[in-house]
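The structure under discussion appears below in the form of structure tokens.
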2 protein chains.
Amino acid sequence: MLNLTHVRAFLAVVEEGSFHGAADQLGVSQSTVSHGLKRLEDMLASDLVIRHRDGCVPSHKGEIFLPFARSLVALSERAVARLQSDRIRIGASSNVGIYLLQPHLRRLADTAGVQPDLVIAANPAIATKLENREIDMAFLEWWDGRPGFEARRWITDRLLIIVAPDHPWARRNEIDLEMLLQQPLLAGEKGTGTGTILKEALGTAASRLLVSRNLGSTEAVKRAVAAGMGVSIVMEGAVRDEIASGRLYSVSVAGLRLEKTLWCVVPHDLITVSPTLETMRHLLEPQALSS
Amino acid sequence: MLNLTHVRAFLAVVEEGSFHGAADQLGVSQSTVSHGLKRLEDMLASDLVIRHRDGCVPSHKGEIFLPFARSLVALSERAVARLQSDRIRIGASSNVGIYLLQPHLRRLADTAGVQPDLVIAANPAIATKLENREIDMAFLEWWDGRPGFEARRWITDRLLIIVAPDHPWARRNEIDLEMLLQQPLLAGEKGTGTGTILKEALGTAASRLLVSRNLGSTEAVKRAVAAGMGVSIVMEGAVRDEIASGRLYSVSVAGLRLEKTLWCVVPHDLITVSPTLETMRHLLEPQALSS
DNA sequence: ACACGTTACGGCAACCGTAAGGATT
DNA sequence: AATCCTTACGGTTGCCGTAACGTGT
């Protein structure tokens with residue numbers, strides 16, 4: 001079996017580029033690092049670092065081993081951390097975590113007294129964290145149905161076409177599809193499935209959509225649209241306040257209804273763990289929110 | 001730092017349900033298992049298994065730790081295995097691995113003398129294996145653009161509508177969309193993106209598609225179609241032989257061209273490792289195949 | 001009495017730090 | 001000579017197996 005202390009020494013040597021630096025980083029003597037690395041190399045029957053006069057670099061095999069080493073150390077640290085704090089950790093894609101999930105978490109705290117940690121990142125990154133058990137459950141805009149997980153429908157939110165108050169469309173309730181196709185669209189975060197929904201809804205016409213640029217986040221998109229830089233399509237929950245206050249206007253396309261189903265995903269091996277199950281049960285409750 | 005030998009002992013106890021069984025499984029004495037588990041529990045400051053009269057079960061914290069333990073042991077074993085064999089490991093979704101990749105692997109063996117291991121599984125499962133570094137690169141029908149990976153277009157294959165030789169459509173070159181919409185479709189493996197492509201291409205009409213049943217694999221779909229159980233849509237490469245021999249016929253829908261782009265995906269931290277890079281370079285070569 | 005896990009004890013290997021030794025520039 | 005890694009040596013710790021010891025049935 002590998003010794004994780006030695007693996008850690010290997011990582012430190014690669015990061016620091018020297019045995020001395022690695023020893024300092026780890027707070028051990030330099031010979032300990034040398035020893036540990038040698039043990040590891042013996043165990044693996046492979047030279048892992050090339051000792052050079054001025055600095056060390058991973059060898060060929062070292063480069064192959066490097067990602068494993070990182071994952072092993074990170075995983076073990078996550079494991080102990082996860083056991084120390086018994087807080088549930090919930091992941092959510094940016095839009096969901098920032099705009100949609102908050103009132104539900106509030107309700108969870110009020111009714112069940114549970115206050116989970118919330119991890120917000122891009123949709124695919126959250127899927128990765130779920131796979132690594134960095135989080136216990138995820139609320140996502142898009143899920144690929146990979147095995148080992150249970151995905152349940154959470155809520156369905158409408159997608160709105162938003163424009164600035166001084167945009168010509170702001171005075172209309174409805175536009176037709178052709179107008180939308182001729183207007184450059186500002187895109188937000190990638191990998192959230194909005195593009196797929198548009199393609200499904202528009203069919204062949206989707207290829208004529210003009211995506212002028214990617215802004216990376218919904219908040220940036222909202223500011224850009226408000227500043228008159230174009231129009232965009234976002235989840236209703238993300239612009240409720242702006243529309244209520246008149247900072248943004250929404251318009252519909254005749255005969256087009258866009259909506260996105262959001263998912264709650266839990267690994268199968270955590271679904272039996274009672275606090276996870278309990279939390280999921282609370283958050284999935286169809287009970288209406290006061291907001 | 002965690003001791004992987006102890007983690008392994010924990011896993012064995014949980015699997016076997018007893019310390020004795022675990023000791024047998026691991027080929028050590030029973031007290032060693034007891035000791036190791038105690039060390040682990042001390043390290044984690046958590047009781048991991050509940051010692052019962054007739055068998056042991058993981059405690060609450062044990063259940064939380066369990067997936068970490070499995071991942072740690074599996075990852076460490078993969079790491080040593082990966083260093084022992086210097087064979088590249090290529091993953092591919094079923095269709096790609098079975099039908100499309102083979103001639104390219106042949107060419108790779110002939111020109112570069114490289115014979116990689118091939119791992120075939122469902123598309124999302126391959127994505128997971130890639131994330132875990134179980135494979136070095138993947139050829140996929142669908143990729144979600146998650147961070148940390150480089151995805152390059154590999155080839156584009158047409159999607160064909162296939163029917164049995166005695167099907168009424170077999171005598172026609174072309175049908176119209178309405179006919180397709182009224183015909184039940186046999187679906188193959190899930191998560192391969194074919195559904196998404198159909199939705200994009202057909203737009204709102206996609207909702208009228210009749211998917212009669214899921215058969216799980218393309219090979220099953222081909223047999224079912226040949227037996228007259230319905231029609232289906234598959235990648236051209238998967239039915240080239242059957243069409244050439246007349247066991248299946250393909251028809252087109254007027255004005256509809258369906259195709260699927262396949263991807264070659266490599267983790268960023270492996271792309272610099274020379275044999276991986278070399279292999280990818282060879283397989284991505286646009287050079288025409290003799291077949 | 002039996003089955004099972006725990007604890008005590010001794011041997012052995014692993015680990016660590018100090019310090020001396022080599023190699024390269 | 002200076003720098004960096006390796007190796008030798010001794011003390012300490014951790015790990016393992018044998019065997020004795022609780023504890024429930």
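Here is how names work: the chains are called A, B, and so on, in the same order as the sequence lines, proteins then strands, and each is numbered from 1.
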Between [N] ([atom2]) and [X] ([atom1]): distance, integer Å:
X	N	atom1	atom2	value
B:L37	C:dG5	CG	P	11 Å
A:I50	D:dC5	CD1	P	14 Å
A:Q30	C:dG22	CD	C1'	13 Å
A:R51	C:dT25	CZ	P	17 Å
A:M43	C:dA13	CE	C1'	13 Å
A:D42	D:dT6	CG	P	12 Å
A:L40	C:dC16	CG	C1'	17 Å
A:H52	D:dT6	NE2	C1'	17 Å

Does [X] have any salt bridge (Lys or Arg N to Asp or Glu O under 4.0 Å) partners at least two apart in sequence or in another chain, and if so, which?
X	answer
B:R153	none
A:E77	A:R8
B:R70	none
A:R39	none

Quiz item: Quick one: is B:S34 getting a side-chain N or O under 4.0 Å of the C:dG5 phosphate, OP1 or OP2?
Solution: no
Quiz item: Got a sec, which residues hit side chain to side chain contact (heavy atoms under 4.5 Å, CB included) with A:S94, two or more places apart in sequence or on another chain?
Solution: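 Here the qualifying residues are A:I98, A:I120, A:E189.
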Write out a two-atom table: protein N or O, nucleotide N or O from nucleotides 14-16 of chain D, distance below 3.5 Å.
unit_1: D:dC15; atom_1: OP1; unit_2: B:N3; atom_2: ND2; d: 3.3
unit_1: D:dC15; atom_1: OP2; unit_2: B:R39; atom_2: NE; d: 2.8
unit_1: D:dC15; atom_1: OP2; unit_2: B:R39; atom_2: NH1; d: 3.4

Quick test: give all pairs of protein nitrogen or oxygen and nucleotides 21-25 of chain D nitrogen or oxygen below 3.5 Å, distance rounded to 0.1 Å.
unit_1: D:dG24; atom_1: N3; unit_2: B:R53; atom_2: NH2; d: 3.4

Quiz item: Is there any salt bridge (charged side-chain N to carboxylate O under 4.0 Å, His left out) pair reaching into residues 16-34 of chain A, and which pairs are they, with sequence neighbours excluded?
Solution: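 The answer is none; no pair qualifies.
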Quiz item: Does anything in residues 116-133 of chain B pair up under salt bridge (charged side-chain N to carboxylate O under 4.0 Å, His left out), and if so which pairs, sequence neighbours excluded?
Solution: B:R87-B:D117, B:K129-B:E134, B:E131-B:R146, B:R133-B:D269
Exercise. Under 4.0 Å from any atom of DNA chain C, heavy atoms only: list the residues of residues 10-24 of chain B that qualify, in numerical order.
Key: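 The stretch gives B:S18, B:F19, B:H20 as the residues lying under 4.0 Å from the strand, ordered by number.
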Quiz item: Donor-acceptor pair, B:T128 side chain versus B:I126 backbone, under 3.5 Å?
Solution: no
Quiz item: For A:F19, which residues count as a ring-ring contact (aromatic ring centres under 6.0 Å, His included) partner, sequence neighbours excluded?
Solution: none
Quiz prompt | Contact list for residues 136-156 of chain B, test ring pair (Phe, Tyr, Trp, His ring centres under 6.0 Å), sequence neighbours left out | solution =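 Sorted result for residues 136-156 of chain B: A:W142-B:W142, B:H104-B:W154, B:F139-B:W154, B:W143-B:F149.
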Quiz item: Is any NZ, NE, NH1 or NH2 atom of the basic residue among A:E278 and A:R281 found under 4.0 Å from an Asp or Glu carboxylate oxygen of the other?
Solution: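 Yes.
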